[in-house]
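Below, chains carry the letters A, B, ... as their sequence lines are ordered, and counting in each starts from 1.
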Amino acid sequence: MGQFLQFAINGLMSGAIYALIAVGIVSVYKATKVVNFAHGYLIMFGAYFYFTFAVIVPQAAWAPAWLASWQPDWLVAAKADAPMFSPLGAVLDWVSNLPRIILGISGAVIANALLGRLVERTLMRPLMGQSIFAMIMVTVGLISILSGASSIIWTADAAFVPHIAPNTPVRFSIGDTMIFLFGADLVNMVIALLLFGGIVLWVRYTKSGIAIRATAEDQSTAYSMGISVPKVFSRAWVLACTTGAIAGAILATRNGVSPTLGLFGFSVLAIVLLGGLDSYVGVFIAAMSVGVLEAMTQWKLGGEWAEIVPYVAVLLVLLVRPHGLMGSKEVERI
Amino acid sequence: MLKIQDLHLSFGGIKALKGISFEAVPGEITGVIGPNGAGKTSLFNAISGFYTPDKGSVHFDGRDISGLGPDRRAVLGMARTFQNIALFRGMTVLDNIKLGAHTRLNTTLWQALRYFGQARSDELALRRDIEERVIDFLEIDHIRKLPITMLPYGLQKRVELGRALAMQPRVLMLDEPVAGMNREETADMARFILDVQEEFGTTILLVEHDMHMVMDICTRVVVLNFGEQIAEGSPEEVSGNPAVIKAYLGAAA
Amino acid sequence: MINGNLKSSYGSDERIVNNGYKQAFVYGSFLCLAAFALFANDYMILIACQVGILLVAVVGINILTGYTGLISLGHGAFVAIGAYAVTILHNAMDGIVPDALTALIAIPVAVTITALIGIIVGLPSLRVKGLYLAVATLAASFIVIFIVENETFAGYTGGVVGINTPVPNLLGWELDTKREMFIFISVSAVLALLAGQNLFRTRVGRAFIAIRDRDYSAEILGISLLRYKLMSFALSAAYCGMAGALFAYFYARILPEQFELELSLELIAAVIVGGMGRTLGPLFGVILIVLVPELIKVTASVVTNGDTASTRIIAPLQEIIFGLLLIFFLLKEPLGINHIVDRLIRAANRWPFARG
């Protein structure tokens, strides 16, 4: 039981990250009907941007010293007093990293938003109103471009980045089982859930969110009702890329920055289809379930088996429910 | 031949068909008429197997075919055309009509990959057959190599009829065969439909808005209004029926 | 210039190679292939073999995506299944079946296995359209590669480090040089193209196109979507399986990473670039997809003189150009190279009159 709870919680934490990645795919799909196969690679760019602004830039010769490691007097004093390996020590280390973490996150978000806009303007916009097949295949071509570009720009080696939150170990017990977690993972989960919830609410209640939903229903009608469909398209892409940047930063802290991050996109794509492509709720449930399933697989069968869990799950679910758990079925008029 | 019994169909809360029952006259033309939204096309879609009715059945040759998919019904000898022309637009007229003969051929995948031998002789026999029975018959020999997209609307309708004829159907269902045509084209099409009925003895079921044509060529007419069957009978009976007049011209008439 | 196209029998009207130009092209190509096998240098043979192997697979993808309208992003896995099946079969039959017969048994069995697995993977295609299938095939391909790499089956597959492949022996003719393999590969590729073309002269191929263009209309003509979609899937998988078999025979060793996403993307890109749903589309596409990266490599090695720091960027550069090519064709010439060739031929035909 104890093990089970521990793995279930680990699963929920990675499930939340999946959900955050998935929200980008779903939003772009809702607005443009395009399934973005390259989303994982946009996330990888987010991770590399975070790496650039949180590691490379602060370590550059021209960067002020406080950017790489902030050491005000009070902090140095507090650190000297803190016992070794204590939670307080971890928090204080995090405070020293804070300037570069903030620079990293904001840099990644801005750079990725620009990237998303660029992709939308140069590749997607010319195909607007044409076949969805072409648009989807353009995102497939984008995979190669992004993957090649990243290994030219950043070299292909894996690298490490600072955690977004203090990475202090957290111990607590549920019933009579001890649960052991890292603080950073917990904060990541909270960030992911807040962003996910925020986007769902935004799409549901704000004017621009409603424009996205209207466009999803019927592009030409939305256009004729005064909604600027191109603007909706580009907004959806920017939204996907900014959430992707944060997801990328989180993934970078968990797995290190490496070209393999792009592959995450494919397992999340599987999750999105599992949940039902246009349903935020379905996708959320799917992300959490796959996260937990993966953790259980890891526990019972070993780490490498976990990587095919989303794929096996999506194939099984599609056989029974062709439009995913909660996806809407397209009704065809004859 | 084709018998519809107490057919009910609904989409969500909307009842599209409420208890339709009639029988197509074998070897003759039966017309289905009704104002817009009366459920004529829904009826056709239910008969050809795209919609599963909530209740009721479709009998073909005394056999209940309600559970069969559209492709199985086609194999049994049911052909249809669509209101908004469902030809394969990228293909030539010839290929479209050849596709109509799909169920009459037996070429297997293996034979197809080799082509020379059985597949070739099948294809040549088919070509001769449709040239003589369909293309000559419908007078479309001058356009046989043209892609559908290059044809005017009226000819597309005729090609779609040709594709259905290539199936050598026993029941032919025509969904608004003259919609959007001028008088001359309508007369041509009516002549072709009558020719089909006379030459091949095909049972024809026809949905149409053009009253003159329906009254001229149908031996029996079924009238639908808001999913209900309000009249059935010979053209004369139906055109004198007060319920029909009311449905078409409004209550005051 | 071709003026009339008049025929005296339906048979001659149904022919594909129906004029002197086309005949000259076909027989000329055969002559060129024969001359190539005799006189080309080893490097050219190597490249031509790569083209031939990929071509067999891409003809299969063309049937599935180009003609039936079903997208797959995972057909690299079927190439893997073909390659591994042939290798494992050879190992299993070693010493039991005479060498001269092994390949003749292994190839059809491997192709059949691939086709059967294709049917299983294709099952979702019956219920869903378009991109669902793309993701389903992608998922299936990850699973296949995972199984190949997994330690549990490493005894058969060699696992991550790969496995040595057999040398084929066709009734006593041992294909132990690349040149001999080229003959085998080019014959297979020509037959693959021919069979692919034949298909679309019959009701089977027409049914595929009908499903692509308007599936409900196909159904109304008595075409069972279930049967024909699965048939298309099995057939395309079989073609990929055959390509896999050739792949295994051609290279001395196969590794799971050779069949990953990159290969699947190359296959689909070749169809799009070459021209979907056209007989020669795969040929044009494959030539471009193989030659362009090769050209980059050669140019780079000339420009940099083998400087190691700059050779590092060759592989990513090839990747980027590949993606750009795909996107360029999607945006600017969605009908592919085949369409460009069509236009050139038409212009040549009408010369010296107006182009068009």
Side-chain angles (χ1 to χ4, degrees), chain A residues 29 33-35 37-38 122-123 126-127 130-153 155-156 259 262-263 266-267 269-270 272-274 277 302 304-305 307-308 310-315 317-324 327 330 332 334, chain C residues 65 69 71 73 120-121 123-147 149-152 215-217 220 260-262 264-266 268-269 272 276 312-313 315-332 334:
Chain A
Y29 176 78
K33 289 278 175 286
V34 171
V35 175
F37 278 87
T122 54
L123 304 180
L127 283 170
Q130 293 188 36
S131 79
I132 298 293
F133 170 78
M135 284 190 170
I136 292 175
M137 290 316 294
V138 165
T139 68
V140 170
L142 198 58
I143 292 177
S144 305
I145 296 180
L146 292 179
S147 147
S150 73
S151 34
I152 287 184
I153 303 174
T155 74
L263 294 174
F266 298 118
S267 24
L269 208 56
V272 168
L273 255 76
L274 183 69
L277 210 49
E304 83 257 33
W305 288 89
E307 68 189 60
I308 58 163
Y311 305 121
V312 175
V314 73
L315 286 181
V317 169
L318 281 188
L319 274 180
V320 191
R321 288 188 66 89
H323 294 86
E330 276 173 53
E332 231 181 321
I334 294 165
Chain C
T65 306
I71 312 170
L73 293 181
I120 297 171
V121 174
L123 278 174
S125 72
L126 312 175
R127 318 247 347 231
V128 296
K129 285 185 194 173
L131 43 109
Y132 278 88
L133 185 65
V135 177
T137 49
L138 190 67
S141 81
F142 282 122
I143 296 172
V144 168
I145 299 298
F146 174 81
I147 291 173
E149 285 181 345
N150 197 278
E151 282 171 32
T152 323
D215 52 1
Y216 67 86
S217 205
I220 207 73
E260 280 176 3
L261 184 67
E262 215 173 307
S264 299
L265 296 190
E266 268 179 31
I268 190 96
I272 292 171
M276 289 194 292
R312 186 184 65 77
I313 68 159
L317 201 62
Q318 287 172 333
E319 229 180 330
I320 294 175
I321 303 280
F322 168 82
L324 287 176
L325 261 181
L326 176 58
I327 291 179
F328 171 83
F329 273 92
L330 284 166
L331 291 180
K332 300 293 173 198

**Under 4.5 Å from any heavy atom of chain A - which part of Leu261(C)** = side chain
**Complete:** Checked Pro126(A), Ser147(A), Ala149(A) vs chain C; the most non-hydrogen pairs under 4.5 Å come from Ser147(A)
**Interface moiety of Leu138(C) toward chain A, non-hydrogen atoms closer than 4.5 Å** = side chain
**Item:** Interface moiety of Leu324(C) toward chain A, non-hydrogen atoms closer than 4.5 Å
**Value:** both
**Plane angle bin for Tyr311(A) and Phe142(C) - parallel if under 30°, tilted between 30 and 60°, otherwise perpendicular** = parallel
**Item:** Donor-acceptor side-chain pairing of Glu319(C) and Ser144(A) below 3.5 angstrom
**Value:** no
**Prompt:** Do you know the tightest heavy-atom contact between Val121(C) and Ala140(C)?
**Reply:** CG1-CB, 3.7 Å
**Message:** Quick check on Ile136(A) against chain C: is it the side chain, the backbone, both or neither that has a heavy atom closer than 4.5 Å?
**Reply:** side chain
**Prompt:** What part of Ala269(C) gets closer than 4.5 Å to chain A, counting heavy atoms only: side chain, backbone, both or neither?
**Reply:** neither
**Request:** Any chance you could measure Ile120(C), atom CD1, to Leu123(C), atom CG, to the nearest 0.5 Å?
**Result:** 7.5 Å
**Item:** side chain to side chain contact (heavy atoms under 4.5 Å, CB included) evaluation trace for Ile327(C) with Ile145(A)
**Value:** CA-CA 10 Å; Ile327(C) 291 179; Ile145(A) 296 180; 3.7 Å; yes
**Prompt:** Heavy-atom distance under 4.5 Å to chain A: side chain of Ile321(C), backbone, both or neither?
**Reply:** neither
**Request:** Identify the two heavy atoms, one from Thr139(A) and one from Val35(A), that lie closest to each other, and give their separation to 0.1 Å.
**Result:** OG1-O, 3.6 Å
**Request:** Apply side chain to side chain contact (heavy atoms under 4.5 Å, CB included) to Leu133(C) and Ile71(C), showing your working.
**Result:** CA-CA 6 Å; Leu133(C) 185 65; Ile71(C) 312 170; 5.8 Å; no
**Item:** Which atoms of Ile152(A) approach chain C - backbone, side chain, both or neither, heavy atom under 4.5 Å
**Value:** both
**Complete:** Per side-chain contact (heavy atoms from CB on, under 4.5 Å), Leu274(A) is matched among Leu315(A), Val317(A), Leu318(A), Leu269(A) by Val317(A)
**Message:** With a 4.5 angstrom heavy-atom cut-off, is it the side chain or the backbone of Thr152(C) that approaches chain A, or both, or neither?
**Reply:** side chain
**Prompt:** Where does Val272(A) contact chain C at under 4.5 Å (heavy atoms): side chain, backbone, both or neither?
**Reply:** neither
**Asked** Which region of Val138(A), side chain (C-beta onward) or backbone (N, CA, C, O), has a non-hydrogen atom less than 4.5 Å from a non-hydrogen atom of chain C, or is it both or neither?
**Response** both
**Prompt:** Between Ala315(C) and chain A, which part of the residue has a heavy atom less than 4.5 Å away: side chain, backbone, both or neither?
**Reply:** neither
**Message:** If I measure from the heavy atoms of chain A, does Ile320(C) come under 4.5 Å with its side chain, its backbone, both, or neither?
**Reply:** both
**Request:** Test the Lys33(A)-Tyr29(A) pair against the cation-pi criterion, namely NZ or CZ under 6.0 angstrom from the six-membered ring centroid and within 45° of the ring axis.
**Result:** yes
**Asked** Among Asn150(C), Leu317(C), Ile268(C), Leu325(C), which residue forms the greatest number of heavy-atom pairs with chain A at distances under 4.5 Å?
**Response** Asn150(C)
